[in-house]
Amino acid sequence: MSFDLHTHSMISDGTEPPAEVVAAAKRAGLRGLALTDHDTTAGWTAAIEAAQALQLVLIPGMEMTTRTDDGISVHLLSYLHDPAHVGLMDAIATARGGRVERAKRICERLAEDFPITWEIVVEHVGPDATIGRPHLADAMVAVGVVADRSEAFAKYLHPGTKYYVSQENITPIEAIRLVRDAGGVPVIAHAMASARGRTVSVPQLEQMVEAGLAGVEVWHRDNPEPGRRLLLDLAARHDLIATGSSDYHGTGKPNRIGENSSPTSVVERIISEATGSPAYGRL
Ligand code: AMP
Ligand code: FE
Ligand code: FE
Ligand code: ZN
C-alpha cells in the first residue's frame with residue numbers, strides 16, 4: 001500500500017493533465033498520490049475527480065520555491081493546506097508573477113543566441129499553469145537546439161550559464177510559517193540534492209524545524225546516500241515525517257511515478273497534522 005507524495009502535472013511543469021497523472025499512479029499500482037504542482041493549487045479539482053473515479057487516495061499539495069537568506073534554493077512541499085488562505089495564496093500568486101518576468105528575461109537572453117521567441121515558449125505552457133525553466137527547455141526542443149529537457153538544463157538553463165536569471169523568493173522559514181498557518185503540513189523536498197546546487201546545513205534545517213517543519217523527503221532520486229542518512233538522523237532527532245517520492249513530471253524527466261514511495265503510516269501522520277484541507281478517498 002504505497003503513496004507517491006510528489007508529482008507534477010501540466011498545471012506546472014509536468015507534461016500531463018492532472019487526471020493523467022492520477023491514471024499513471026493507478027497503473028503503477030499505487031494506493032494514492034499527492035499532486036504537488038509548483039506554486040499553485042489549480043490542479044486540485046481535476047485530480048480529486050480523477051482519483052475518486054479510480055478509487056485512489058488524493059492528497060492535495062503543492063511545491064513552493066523558496067530561497068534562504070544566504071541564497072540557497074529550497075523546495076518546500078505543502079500538503080493539505082487551506083487553498084483559500086489569503087497569506088499563502090498571495091505568496092504563491094506573487095511567486096507565479098515573478099516566474100513570468102523571470103522566464104521572459106531568460107527567454108530574451110536565449111534569443112540572442114537561439115531562434116527562440118516568447119511566443120514559442122508560451123505555446124508550451126498549459127492554461128493556468130505555473131511557468132518555469134522546463135517550458136523554456138521545451139521551446140528549445142521545439143526549435144531543434146536540444147533533444148530534451150535534460151540536455152537543455154545541462155547546457156543552457158542551469159545557474160552557471162550566461163542565460164540564467166535568478167528569482168526573488170520568500171525564505172523557507174516564511175513559507176513554513178505560512179503553510180502551517182494555512183493548516184498545511186510542510187515537508188522539504190530533495191533537501192540534499194547537491195547536483196542542483198548548494199544545499200542547506202543541519203543548523204539551517206534545525207531552524208526550519210523550529211519554525212514548524214513537519215517532515216523531510218528522504219527517498220528521492222536526487223538525494224545521494226549520505227544526504228539520506230543525514231535527513232533520517234534529523235528526522236529521528238526531531239520526530240519528523242520521512243517521506244519517499246518520485247517527483248514525477250510525465251515525459252519531462254526520467255523519474256517514474258512510484259519509483260520512490262511512502263507507506264500508509266506516513267500518509268496517516270500527514271493527515272493527522274493537517275487542518276486546512278481533507279484528503280480524498282479512503283486510506
Ligand atoms: P524553475 O522552477 O524555473 O526554477 O525550474 C526548476 C524546475 O526545472 C524543477 O522543478 C524541475 O522540475 C526542472 N528541472 C530541473 N533540472 C532538470 C533537468 N535536468 N531535466 C528536466 N527538468 C529539470
Ligand atoms: Fe518541476
Ligand atoms: Fe523540487
Ligand atoms: Zn517537484
Side-chain angles (χ1 to χ4, degrees), residues 4-16 18 21 33-41 43 59 61-67 71-79 92 94-107 109-110 121 124-126 129-141 145-161 163-170 175 186-199 216-217 219-223 243-257 259-260:
D4 191 331
L5 298 178
H6 185 168
T7 71
H8 296 266
S9 76
M10 278 169 70
I11 299 296
S12 63
D13 56 2
T15 57
E16 300 162 341
V21 177
L33 72 159
L35 183 72
T36 53
D37 278 309
H38 296 283
D39 297 315
T40 182
T41 62
I59 315 288
M62 69 176 173
E63 183 176 20
M64 300 172 76
T65 301
T66 74
R67 185 173 298 273
I72 301 171
S73 173
V74 174
H75 287 188
L76 186 77
L77 296 162
S78 170
Y79 299 112
I92 60 175
T94 301
R96 290 194 303 270
R99 281 171 167 280
V100 175
E101 295 314 309
R102 171 196 186 222
K104 282 183 182 162
R105 290 177 61 202
I106 298 175
C107 181
R109 292 188 183 188
L110 289 169
V121 173
H124 293 88
V125 187
T130 303
I131 196 169
R133 283 176 288 161
H135 301 107
L136 291 152
D138 291 344
M140 299 186 89
V141 173
V145 175
V146 291
D148 56 24
R149 284 184 178 181
S150 298
E151 187 185 350
F153 270 87
K155 290 186 175 167
Y156 307 117
L157 294 173
H158 69 81
T161 71
Y163 308 107
Y164 186 78
V165 177
S166 63
Q167 201 187 322
E168 291 283 312
N169 293 121
I170 61 172
V187 173
I188 296 196
H190 46 71
M192 292 293 125
S194 40
R196 293 175 179 237
R198 278 196 299 151
T199 58
V216 283
E217 188 180 61
W219 296 277
H220 181 290
R221 66 157 67 200
D222 293 354
N223 283 336
T243 69
S245 302
S246 70
D247 206 353
Y248 179 69
H249 281 69
T251 57
K253 271 187 169 184
N255 309 33
R256 287 162 287 110
I257 200 160
E259 68 176 20
N260 286 294

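Atoms within each ligand, like the ligands themselves, are counted from 1 in listed order. What you see is a predicted model; the values in this text were computed from it and never measured.
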Inset, instruction - Have a look at Val165 and tell me which of Arg133, Glu101, Arg102 forms a side-chain contact (heavy atoms from CB on, under 4.5 Å) with it. - result: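 That would be Arg102; it is the only one of Arg133, Glu101, Arg102 passing the side-chain contact (heavy atoms from CB on, under 4.5 Å) with Val165.
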Student check: side-chain heavy atoms of [X] and [Y] closer than 4.5 Å:
X	Y	answer
Thr243	His6	no
Glu259	Trp219	no
Met62	Thr40	no
Leu77	Ile188	no

Inset, instruction - Could you pull out the atom name of the N/O/S atom in Asp13 that is nearest the Fe ion (ligand 2)? - result: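 Result for Asp13 and the Fe ion (ligand 2): OD2.
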Legend entry - Among the N, O or S atoms of His38, the one nearest the Fe ion (ligand 2): NE2
Inset, instruction - Give a yes-or-no answer on whether the side chains of Thr65 and Arg99 include a donor-acceptor pair shorter than 3.5 Å. - result: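 There is such a pair between these side chains.
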Legend entry - Side chains of Asn255 and His249, donor plus acceptor under 3.5 Å: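 On atom types as modelled, these side chains do not qualify, holding no pair under 3.5 Å.
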Legend entry - Ser245 side chain vs Leu5 backbone, donor-acceptor pair below 3.5 Å: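 Yes, Ser245 side chain to Leu5 backbone: donor-acceptor pair under 3.5 Å.
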Inset, instruction - Decide if the gap between the ring center of His124 and the ring center of His135 is smaller than 6.0 angstrom. - result: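 No, ring centres 6.0 Å or more apart.
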Legend entry - Within the 4.0 Å heavy-atom sphere of ligand 1, strictly under, residues: Asp13, His38, Arg99, Arg102, Gly132, Arg133, Pro134, Arg149, Ser150, Phe153, His249, Gly252, Lys253
Inset, instruction - Work out how many protein N, O or S atoms lie closer to the Zn ion (ligand 4) than 2.8 Å. - result: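 Considering protein N, O and S only, the Zn ion (ligand 4) has 4 within range.
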Legend entry - More than 12 heavy atoms from other groups under 6.0 Å of CZ on Arg256: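 Open: at most 12 neighbouring heavy atoms sit under 6.0 Å from CZ of Arg256.
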Inset, instruction - Considering non-hydrogen atoms only, spot the tightest contact between Asp13 and Pro134 and give its length. - result: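 Taking every non-hydrogen atom into account, OD2-CG, 3.3 Å.
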Legend entry - His249 near the Fe ion (ligand 2): N/O/S under 2.8 Å: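 Within the cut-off used here (under 2.8 Å), His249 does place an N, O or S atom near the Fe ion (ligand 2).
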